[in-house]
Amino acid sequence: MKFTAEQIAGILEGEVIGNPMAEVFRLSKIEDGAEGSLTFLSNPKYLHYIYSTKASVTIVNDSFVPEANLDTTLIKVPDAYAAFSKLLEFYNEVKQNKNGIEQHSFLSSSVIHGENLYLGSFSYVGENVIIGTNVKIYPNCFIGDNVVIGDNVKLFAGAKIYSETNIGNNCTIHSGAIIGSDGFGFAPNPDGTYTTIPQIGNVIIEDNVDIGSCTTIDRATMGSTIIRKGVKLDNQIQIAHNVEIGENTVIAAQTGVAGSTKIGKNGMIGGQVGISGHLHIGDNVRIQAQSGVGRNIKDNEILQGSPAFGYNDFSKSYVHFKNLPKIVAEIKELKKQILNQKNGNNG
């Protein structure tokens, strides 16, 4: 898809300096600009690149005045960075603006859906599913029976939504995510075998939630696993049965949260964090990467380590840990001196 400098300036309400018919069909960094690409300049550190860039069009601040000849057409705007961000959003909307039901997909006759549904090839939508308006379901998705999906939801290729799941408005679920699979519930038997405990609950995802690729959220044993509004989950996260994550909490990749733990709102949890089951994590908690949490956490705590403890205490302790060989050597030297002193006194 190609756009002219004039068309882009119209979107951004900017001024064209140069060739208004210059065409672009891709985006690039200013140092990697090539013919047919669009870039931007906002950081003064990159100023010198504008005189060598091969990008066909460059977005710049209104205040920019070139000191030499340019090969690129300029679009002047009040804030180049903000304008480029706006353009990225527009580009993404255009790229993902698909409609209609493609061949080789299955849509049950009992499904109720709103306008502008896109259902990609080889996707399956089960019985009694309710789908809102402007929903995009990309190829190879699975949606089980009795699922409810709100407005403006995107399910990227290969996402699996098990039965009874409830997804709110404006949610994005990326490829390979699995929502509503069975929780890890097994009862031990006297002979060492295990009996599966049926998982009859569901998953509730509220509005404005983003879920990364290959993240799994298990259905509750009974009741609901709940992801509150505004939560952002990275790739490859495991959320176990009956977990609740409070609104606007963000969790980085490879974190695992065990069953029935409740995490408060506005939290920030780093990558590869392990959180035990049946805990209560307060609001505004910060947990540093690779920490192991095995106790309840009060509001506003900052933690690090495994097992995790106060961030400031961890930082102070870690200084000593790094110096441990030196400290041990000093202790040995002191013991030697004390021993020599004792032997001298005895002599």
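Nothing fancy with the numbering, it's 1 onward along the sequence.
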- request: Using the six-membered ring wherever Trp is involved, compare the ring planes of F3 and F90 and label them parallel, tilted or perpendicular (cut-offs 30° and 60°).
  value: perpendicular

- prompt: Is the shortest heavy-atom distance from the side chain of S28 to the side chain of T39 under 4.5 Å?
  reply: yes

Flag side-chain contact, heavy atom, 4.5 Å: L233 against I245: yes

- prompt: Do the side chains of L87 and V24 join up, straight or via other hydrophobic residues, at under 4.5 Å, putting them in one cluster?
  reply: yes

- request: Using a cut-off of 6.0 Å, state whether more than 12 heavy atoms not belonging to E6 lie near its atom CD.
  value: no

task: Identify the heavy atoms of K136 and N99 that sit nearest to each other, and give their distance.
output: NZ-OD1, 3.4 Å

task: Give a yes or no on whether a salt bridge exists between D210 and K232, defined as a side-chain N under 4.0 angstrom from a carboxylate O.
output: yes

- prompt: Would you find more than 12 non-hydrogen atoms of other residues, nucleotides or ligands less than 6.0 Å from E67 atom CD?
  reply: no

- request: To the nearest 0.5 angstrom, please state how far the OG atom of S291 sits from the CD1 atom of I302.
  value: 11.5 Å

query: Quick check: are there more than 12 heavy atoms from other residues, nucleotides or ligands sitting under 6.0 Å from CD of E35?
result: no

message: Donor-acceptor pair, distance only, cut-off 3.5 Å: does the side chain of S260 make one with the backbone of H278?
response: no

query: About how many Å separate CG of N284 and CG of N300, when rounded to the nearest 0.5 Å?
result: 5.0 Å

- request: Return the orientation label for the F156 and Y138 ring planes: parallel under 30°, perpendicular over 60°, tilted otherwise.
  value: parallel

- prompt: Just checking, is any N or O donor in the side chain of T53 or T72 under 3.5 Å from an acceptor N or O on the other one?
  reply: no

query: Do K76 and E15 meet the salt-bridge criterion of a basic N to acidic O distance under 4.0 Å?
result: no

query: Has the side chain of D151 got a donor or acceptor atom that lies under 3.5 Å from a matching backbone atom of T133?
result: yes

- prompt: Quick one: do V285 and I263 end up in the same hydrophobic cluster if we chain Ile, Leu, Val, Met, Phe, Trp and Tyr together by side-chain heavy atoms under 4.5 Å apart?
  reply: yes

message: For a quick test of reading the model, state the closest non-hydrogen atom pair linking L119 to F106 and the distance between them.
response: CD2-O, 4.2 Å

query: Between L155 and I149, is any pair of side-chain heavy atoms under 4.5 Å apart?
result: yes

- request: Give me the one residue out of L279, I239, V273 that meets side-chain contact (heavy atoms from CB on, under 4.5 Å) with V257.
  value: I239

- request: Please indicate whether Y124 has more than 12 foreign heavy atoms, meaning atoms of other residues, nucleotides or ligands, lying under 6.0 Å from its OH.
  value: yes

query: If we ignore angles and hydrogens, is there a donor and acceptor under 3.5 Å between the side chains of T193 and D191?
result: yes

- line: Closest non-hydrogen atoms of A258 and A240, given as atom of the first, atom of the second and distance, are C-CB, 3.7 Å

- prompt: Given the rule that I, L, V, M, F, W and Y join up when any side-chain heavy atoms are under 4.5 Å apart, are L47 and L70 in one cluster?
  reply: yes

message: Between K86 and E13 (salt bridge meaning N to carboxylate O under 4.0 Å), is one present in this structure?
response: no

message: Check this for me: E333, atom CD, are more than 12 non-hydrogen atoms of other residues, nucleotides or ligands nearer than 6.0 Å?
response: yes

statement: Only one of I251, I237, T255 passes side-chain contact (heavy atoms from CB on, under 4.5 Å) with T215, and that residue is I237

field: Distance-minimising heavy-atom pair for V135 and G150
entry: CG2-O, 3.2 Å

task: Give me the ring orientation class for F142 and Y162: parallel if the planes are under 30° apart, tilted from 30 to 60°, perpendicular past 60°.
output: perpendicular

query: Are any side-chain N or O atoms of T225 and backbone N or O atoms of D218, one a donor and one an acceptor, separated by less than 3.5 Å?
result: yes

query: Does atom OH of Y51 have more than 12 heavy-atom neighbours, drawn from other residues, nucleotides or ligands, at distances under 6.0 Å?
result: yes

- prompt: Below 4.5 Å, heavy atoms only, C-beta onward: do N266 and D283 meet side chain to side chain?
  reply: no

- request: Can you see which heavy atom on S110 is nearest to which on N128, and at what distance?
  value: OG-N, 2.8 Å

Side chain proximity check, Y118 to E102, heavy atoms < 4.5 angstrom: yes

task: Grab the two heavy atoms, one from F184 and one from H241, that are nearest each other, plus how far apart they are.
output: O-CE1, 3.7 Å

field: R219 side chain reached by S163 side chain, heavy atoms, under 4.5 Å
entry: yes

message: Do T249 and I281 make a side-chain contact, defined as non-hydrogen atoms from C-beta onward lying under 4.5 Å apart?
response: no

- request: Please examine the side chains of I131 and V125, heavy atoms only from C-beta on, and report whether any two atoms are closer than 4.5 Å.
  value: yes

- prompt: With respect to E206, which candidate in K265, K229, R228 satisfies the salt bridge (charged side-chain N to carboxylate O under 4.0 Å, His left out) definition?
  reply: R228

